[in-house]
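So you know, we letter chains A, B, ... as the sequences are listed, proteins then strands, and number each from 1. Computed from heavy atoms alone, side chains included, the values below leave out hydrogens, waters and symmetry copies.
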Amino acid sequence: MESNQADGFFEWVYKIVRQIPYGRVSTYGAIARYLGSGGSARMVGWAMNASFKALPAVPAHRVVNRLGMLTGKAHFPGPNLMKELLENEGIKVINNQIQNFNIVFWDPMVELEGMQ
DNA sequence: ATTGTGACGTTGC
DNA sequence: TGCAACGCCACAA
């Protein structure tokens with residue numbers, strides 16, 4: 001098949017990331033844990049890899065590693081696209097690291113608490 | 001089914 | 001936070 005939509009994990013990840021509000025960011029681990037696959041944090045990142053073809057577009061720039069570093073910026077079409085997108089939302093990014101990460105951090109397990 | 005792999009996380013130094 | 005090593009899990013060939 002032409003793999004229109006990922007059967008499970010990918011689509012699920014997209015759904016979570018799309019719920020990240022403006023000016024907020026999340027982490028791979030937090031998302032993975034919310035999906036119940038805490039150990040599969042790497043898969044979340046991998047899902048982002050395919051997120052570019054996902055519709056509606058997934059704000060992958062709002063997903064960083066647990067240190068708040070733009071580890072995935074290298075995978076964006078532009079070397080500084082991820083950083084500019086975040087700063088465009090009012091998020092301070094210095095040296096590939098998000099400032100006030102603890103403030104802008106958006107945890108699906110907390111924000112989506114009770115939703116499921 | 002088997003192998004390789006990866007936008008991570010954790011632990012240790 | 002930096003580097004090294006291991007673990008861990010879903011997907012692609």
Side-chain angles (χ1 to χ4, degrees):
Chain A
M1 310 304 195
E2 260 92 328
S3 67
N4 294 328
Q5 303 176 355
D7 267 1
F9 213 88
F10 281 36
E11 190 182 333
W12 198 249
V13 172
Y14 302 151
K15 203 187 301 186
I16 302 293
V17 176
R18 281 195 297 248
Q19 291 177 73
I20 302 178
Y22 181 95
R24 292 295 251 293
V25 297
S26 189
T27 71
Y28 306 100
I31 296 170
R33 243 176 303 172
Y34 182 78
L35 297 179
S37 315
S40 61
R42 319 166 83 167
M43 307 291 33
V44 177
W46 211 1
M48 303 275 83
N49 220 339
S51 71
F52 289 95
K53 70 175 187 176
L55 292 180
V58 178
H61 62 276
R62 292 185 185 148
V63 186
V64 296
N65 71 353
R66 82 169 185 94
L67 297 177
M69 302 179 68
L70 290 76
T71 52
K73 81 160 204 168
H75 291 253
F76 276 76
N80 275 3
L81 179 59
M82 190 174 185
K83 175 184 174 184
E84 300 202 7
L85 285 172
L86 289 171
E87 293 194 318
N88 193 339
E89 301 190 358
I91 299 176
K92 276 281 181 55
V93 179
I94 301 178
N95 194 15
N96 298 337
Q97 181 170 357
I98 294 179
Q99 306 303 305
N100 307 317
F101 178 61
N102 57 84
I103 299 178
V104 297
F105 175 57
W106 182 88
D107 189 343
M109 303 205 76
V110 176
E111 307 296 338
L112 303 182
E113 180 179 15
M115 278 187 134
Q116 302 190 42

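- Heavy atoms of A:N49 sit under 4.0 angstrom from at least one base atom.
- Look at CE on A:M43: it is 12 Å from C1' on B:dG4, rounded to the nearest Å.
- Note on A:A47: nothing from the nucleic acid sits closer than 4.0 angstrom, heavy atoms only.
- The side chain of A:A60 has B:dA7 as its nearest neighbour among C:dC11, B:dG9, B:dA7.
- Nearest to the side-chain atoms of A:R42 among the listed nucleotides C:dA10, C:dG7, B:dG9 stands C:dG7.
- Checked by atom type and distance alone, the side chain of A:T27 pairs as donor or acceptor with a backbone atom of A:A30 at under 3.5 Å.
- Using a 30° and 60° split on the angle between ring planes, A:Y14 and A:F10 fall in the perpendicular class, above 60°.
- Residues A:V17 and A:M48 have side chains in contact (heavy-atom distance under 4.5 Å, counting atoms from C-beta outward).
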Can you tabulate the close N/O pairs, meaning under 3.5 Å, that link protein atoms to atoms of nucleotides 1-3 of chain C?
from  : atom 1 : to    : atom 2 : distance (Å)
C:dT1 : OP2    : A:Q97 : NE2    : 3.2

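- For B:dC8, the OP1/OP2 oxygens have a side-chain nitrogen or oxygen of A:T71 closer than 4.0 Å.
- By the 4.5 Å heavy-atom criterion applied to side chains, A:V64 and A:M82 are counted as neighbours.
- For A:R33 and B:dG9, a side-chain-to-base donor-acceptor distance below 3.5 Å is absent, hydrogens and geometry of angles not being considered.
- Between A:I91 and A:F101, every side-chain heavy-atom pair lies at or beyond the 4.5 Å cut-off.
- Residue A:I103 belongs to no hydrophobic cluster, having no ILVMFWY side-chain heavy atom closer than 4.5 Å to its own.
- With distances taken from any side-chain atom of A:W46 to the nucleotides B:dG9, B:dG4, B:dA7, the minimum falls on B:dG4.
- Of all the residues in residues 80-90 of chain A, not one reaches under 4.0 Å from DNA chain B with any non-hydrogen atom.
- Between the P atom of B:dT10 and the CG atom of A:N65 lies a distance of 10 Å, rounded to the nearest Å.
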